[in-house]
Amino acid sequence: MRIKVVLCFAALALCLAASAQNPKPAKDKQTKKYGYQDKQKNWVIPPTFDDADKFDDEGCAQVKLDGRQGLIDLEGNWLLEPLYDDIGKFDKYGLAELKIKEGKVKLYGLADRSGAIILPVQFRDIKIHGKSGCLMASMYLDEPGLAGAPLWGVYDMQGGEIFAPQFLAEPSVSDGTLIAKDITGMIGVADLDGQMLLPFDFLAVSRYRDGFRTLDKNFTQATYTASLNKAESFPQPGAVIPYDPMDDKIRAAAWRSGCIGERLYPNQIRAVTVQPGTGMRRALCAETGIDWGLGRFLRLEPFETEENDETAMAYPEEGKYYTLKAMLYEADGTLVGEVTDKGFLEAECAEGVIYRAGGLETWLILRDPNSLAIPSYSMNLTGYRALSHESVYDGLGLRASDLQELYNVRTYANHLIEIIEGENVGITSYLQPVIDLQEARRMRDIMRPEIFHHDFHMGEVVNCKVRDQGEFVDVELSDQLVCHFEDRFQDPYYRFYGDEIIYWGPHNGRSVRLSLEPSVSRDATLDDYVERGKTWSLVLSLYEEDGTWLRTLAVAPFADYCQDGIMVFRGLDIALLAPAVAAKTTPDGVRVVKMEKALMLPHTISALETFRTRPPARPR
């Protein structure tokens with residue numbers, strides 16, 4: 001009992017001592033200033049502040065002087081001079097955020113309890129990763145070509161620099177490693193000692209077990225072990241090695257400027273003889289003699305040349321000259337070689353552009369990759385206009401602003417990724433859906449409607465626009481098929497979008513078929529034949545002339561309208577047409593089919609039976 005009493009008195013003495021050492025903020029009635037008093041109302045820290053907070057458990061207090069905040073200790077000494085618009089509370093790592101406003105801009109830093117500045121107040125954002133033992137902070141760099149969003153740097157808990165600000169986004173940190181994106185937009189892996197483990201060569205990186213999974217710019221996926229050995233690697237089916245700017249601003253800016261850098265297929269290129277005329281000109285078209293092989297394509301690409309080259313296009317700002325070569329590639333983008341070593345664009349017309357190969361051969365490059373697949377023919381060239389090739393602006397269709405904006409490092413990096421993605425839109429559709437045997441049998445049993453057994457060819461699968469006209473809808477039909485793709489990779493996660501014109505093959509003989517795949521959506525197409533209550537999605541797939549499956553073009557939960565040999569997928573902007581579909585042509589040359597709004601299809605398999613490849617016979 002005596003021991004308990006002694007302990008109680010000891011505890012009371014400690015509390016009184018702590019109280020004596022923890023003065024309270026008080027306001028002086030005469031000066032209207034704040035200071036700190038002990039329990040006897042004696043000033044232990046004179047009233048010299050505009051405002052004052054209580055001392056925390058560690059003996060620090062925030063005070064305000066001349067509109068700025070500072071930090072003092074129990075003796076009134078400055079731990080942090082009153083320079084800040086705000087000082088945050090100390091966290092469990094003993095760090096407090098400092099803030100200064102400069103107009104509309106807010107800058108942040110960090111300090112510890114001793115008043116030491118861990119990070120100076122010059123950052124736009126700060127993240128504390130105490131468990132990983134690092135700090136991340138972002139700031140704007142006043143350097144040429146780096147305008148835009150702030151860059152992130154990495155620091156240790158004492159403020160020592162591990163990586164200077166150089167990352168486009170806050171790195172992901174775990175187990176002592178960083179997954180970071182540099183100013184080129186590519187991703188790499190580093191450790192907290194400042195060493196690069198995997199270079200900045202990847203579109204996506206994710207942690208996998210004790211290692212990593214990666215997706216590179218050629219859309220090859222790989223797995224790395226914890227010791228960073230590559231365990232496996234496999235290319236994405238359908239991926240193409242993209243157009244290479246070769247760190248040349250002209251090459252980068254010219255990509256997709258007209259036909260430059262675009263993948264050109266056999267049906268698009270014809271050797272031509274243009275017959276002169278004062279009005280409409282006529283072109284005699286023949287095959288070029290290019291060895292197209294299986295799936296090859298061609299690109300027109302600018303390369304540096306000499307000033308005395310008759311095809312030279314000047315880039316006066318840098319004193320360089322460029323010519324336009326035709327380069328042949330395998331289907332996967334591997335270079336086969338040069339087809340022409342020089343050239344320029346001589347003229348343009350409504351049908352395409354005229355390319356002169358160094359005075360040797362003239363080509364007509366048609367805008368539509370699905371042009372006539374016959375060896376020779378003649379055609380009219382409407383709106384023929386000669387082009388100048390004195391400069392890259394005239395000869396490549398560039399603007400000064402196109403080149404100027406690429407001197408910004410961020411814009412240039414974004415453009416390079418745009419090239420990578422633009423060359424590979426729709427590649428995830430090259431993976432054929434896997435359906436188990438039971439699902440395949442059920443699908444075979446319910447694919448009774450005629451539409452599942454009909455091959456749709458070029459001109460029978462087209463883009464469309466549906467215009468609401470009250471009791472009717474007008475379906476405007478296009479001459480082409482452009483599909484919208486959303487590409488997703490799960491691990492590592494990557495996602496991008498784009499539109500692609502569908503190429504119907506070197507003989508225009510490919511076909512599209514409709515099929516099914518299981519769906520969990522209640523809004524999908526209902527099986528009302530075999531297993532009532534089960535739902536399916538409708539799939540449009542492209543097949544080679546010999547019947548080989550090529551890729552998935554689109555997936556829809558259901559079809560919207562069907563009438564007189566036309567089925568409309570409004571969500572896809574796609575229509576399927578029977579060979580005998582009759583459409584009216586407007587004065588603007590647009591084909592239009594009028595459909596009764598009341599004929600909107602129920603979302604069932606049996607409703608698809610209303611599609612007929614031939615219109616029903618009329619009674620006599």
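When reading the values below, keep in mind they use all heavy atoms of this one structure, side chains included, and skip hydrogens, waters and symmetry mates. Each residue takes its place number in the sequence, starting with 1.
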Give a yes or no on whether Asp175 atom CG has more than 12 heavy-atom contacts from other residues, nucleotides or ligands under 6.0 Å away. no

Just by modelled atom types, is the Ile427 backbone N or O under 3.5 Å from a matching donor or acceptor in the Asn424 side chain? no

With a 4.5 Å cut-off on side-chain heavy atoms, are Trp549 and Ser541 touching? yes

Taking everything shown except Arg399 itself, do over 12 heavy atoms lie less than 6.0 Å from its CZ? no

May I ask you to establish whether Arg251 and Tyr243 are in a cation-pi arrangement, using a distance under 6.0 Å from NZ or CZ to the six-membered ring centre and at most 45° from the ring axis? yes

Selection residues 437-470 - residue pairs positive for ring-ring contact (aromatic ring centres under 6.0 Å, His included), sequence neighbours left out: His454-Phe456, Phe456-Phe611

Gap between atom CG of Leu601 and atom OH of Tyr561 - 0.5 Å precision: 9.5 Å

What heavy-atom pair brings Val339 and Leu298 nearest, and what distance separates the two atoms? CG2-CD1, 4.0 Å

Residues Gln480 and Ile501: closest non-hydrogen pair is NE2-CD1, 3.2 Å

Looking at Arg256 and Glu262, what are the two nearest heavy atoms and their distance? NE-CA, 4.2 Å

CG on Asn380 to SG on Cys349, rounded to 0.5 Å: 10.5 Å

Among side-chain atoms of Gln221 and Tyr494, is any donor-acceptor pair under 3.5 angstrom? no

Report yes if some heavy atom in the side chain of Leu364 is under 4.5 Å from a heavy atom in the side chain of Leu366; otherwise report no. yes

Taking distance alone, no hydrogens or angles, what donor-acceptor pairs closer than 3.5 Å link side-chain atoms of residues 565-585 to residues at least two apart or in another chain?
from: Asp573; atom 1: OD2; to: Lys465; atom 2: NZ; distance (Å): 3.3

Residues in side chain to side chain contact (heavy atoms under 4.5 Å, CB included) with Glu405, at least two apart? Thr411

Walk me through whether Leu514 and Leu540 qualify under side chain to side chain contact (heavy atoms under 4.5 Å, CB included). CA-CA 5 Å; Leu514 192 69; Leu540 295 173; 3.4 Å; yes

Check Leu396 against Ala254 and note the closest heavy-atom contact, atom names and distance. CD1-CB, 4.4 Å

Sorted by chain and number, sequence neighbours left out, ring-ring contact (aromatic ring centres under 6.0 Å, His included) with Trp152 holds for none

Do Ile260 and Leu345 have side-chain heavy atoms sitting under 4.5 Å apart? yes

Could you tell me which residues satisfy ring-ring contact (aromatic ring centres under 6.0 Å, His included) with Tyr224, sequence neighbours excluded, listed by chain and number? none

Would you give the length of the straight line joining atom CG of Asp216 to atom CD1 of Ile187, rounded to the nearest 0.5 angstrom? 12.0 Å

Thr586 and Asp588 side chains, donor-acceptor separation under 3.5 Å: no

More than 12 heavy atoms of other groups within 6.0 Å of Lys217 NZ: no

For Pro518, which residues count as a side chain to side chain contact (heavy atoms under 4.5 Å, CB included) partner, sequence neighbours excluded? Ile435, Glu439, Lys534, Trp536

Test log, rule side-chain hydrogen bond (donor to acceptor under 3.5 Å, both in side chains), inputs Ser521 and Asp523: CA-CA 5 Å; Ser521 172; Asp523 294 331; 4.5 Å; no

Side chain proximity check, Ile183 to Leu151, heavy atoms < 4.5 angstrom: yes

Does Val173 reach the side chain of Met136, with side-chain heavy atoms less than 4.5 Å apart? yes

If we ignore angles and hydrogens, is there a donor and acceptor under 3.5 Å between the side chains of Thr428 and Asp487? yes

Got more than 12 heavy atoms from elsewhere within 6.0 Å of NZ, Lys594? yes

Are any non-hydrogen side-chain atoms of Gln236 and Leu431 less than 4.5 angstrom apart? yes

Closest approach of Phe472 and Glu596, non-hydrogen atoms and distance? CE2-CG, 3.5 Å

Flag the pair Arg442 / Leu516 as yes when at least one side-chain heavy-atom distance between them is below 4.5 Å, and no otherwise. no

Return each pair, listed once, that meets ring-ring contact (aromatic ring centres under 6.0 Å, His included) where at least one residue sits in residues 199-223; pairs must be two or more places apart or across chains. Phe219-Phe489, Phe219-Phe496

Run the numbers on Leu538 and Leu608 for side chain to side chain contact (heavy atoms under 4.5 Å, CB included), then give the verdict. CA-CA 11 Å; Leu538 302 173; Leu608 302 178; 4.0 Å; yes

Could you work out, with side chain to side chain donor-acceptor pair (under 3.5 Å) as the rule, every residue matching Asp210, not counting sequence neighbours? none

Between atom CZ of Arg591 and atom OG of Ser478, what is the distance when rounded to the nearest 0.5 Å? 8.0 Å

Hey, is the main chain of Tyr529 close enough, under 3.5 Å, to the side chain of Arg532 for a donor-acceptor pair? no

Kindly write out the residues that satisfy side chain to side chain contact (heavy atoms under 4.5 Å, CB included) with Glu287, not counting sequence neighbours, or none if the list is empty. Pro375

Expected output: side-chain Asp402 to main-chain Ala253 donor-acceptor under 3.5 Å: no

Looking only at heavy atoms, what is the nearest atom pair of Gly505 and Asn267, with distance? O-ND2, 3.2 Å

Under the side chain to side chain contact (heavy atoms under 4.5 Å, CB included) criterion, do Leu264 and Trp363 qualify, and how do the steps go? CA-CA 12 Å; Leu264 304 173; Trp363 294 350; over 6 Å; no

From CD1 (Ile502) to CZ (Arg510), nearest 0.5 Å: 10.0 Å

With sequence neighbours left out, what residues match His603 under side chain to side chain contact (heavy atoms under 4.5 Å, CB included)? Phe558

Partners of Tyr412 by ring-ring contact (aromatic ring centres under 6.0 Å, His included), sequence neighbours excluded? none

Using the six-membered ring wherever Trp is involved, compare the ring planes of Tyr265 and Tyr503 and label them parallel, tilted or perpendicular (cut-offs 30° and 60°). parallel

If the condition is salt bridge (Lys or Arg N to Asp or Glu O under 4.0 Å), which residues does Glu609 pass it with, not counting sequence neighbours? none

Cation-pi between Arg263 and Tyr329: NZ/CZ under 6.0 Å from ring centre and within 45° of the ring axis? no

Going by distance alone, is a donor N or O of one side chain under 3.5 Å from an acceptor N or O of the other, for Ser429 and Arg551? yes

Using a 4.5 Å cut-off on heavy atoms from C-beta on, say whether the side chain of Val272 contacts that of Cys285. yes

Before you tell me yes or no, could you show the steps for Asn218 and Thr220 under side-chain hydrogen bond (donor to acceptor under 3.5 Å, both in side chains), namely the whole-Å CA-CA distance, both residues' side-chain angles and the distance that decides it to 0.1 Å? CA-CA 6 Å; Asn218 293 328; Thr220 296; 5.8 Å; no

Arg270 versus Ser371, side-chain donor and acceptor atoms under 3.5 Å: no

Distance col, row Glu232:CD vs Thr225:OG1, nearest 0.5 angstrom, shows 11.5 Å

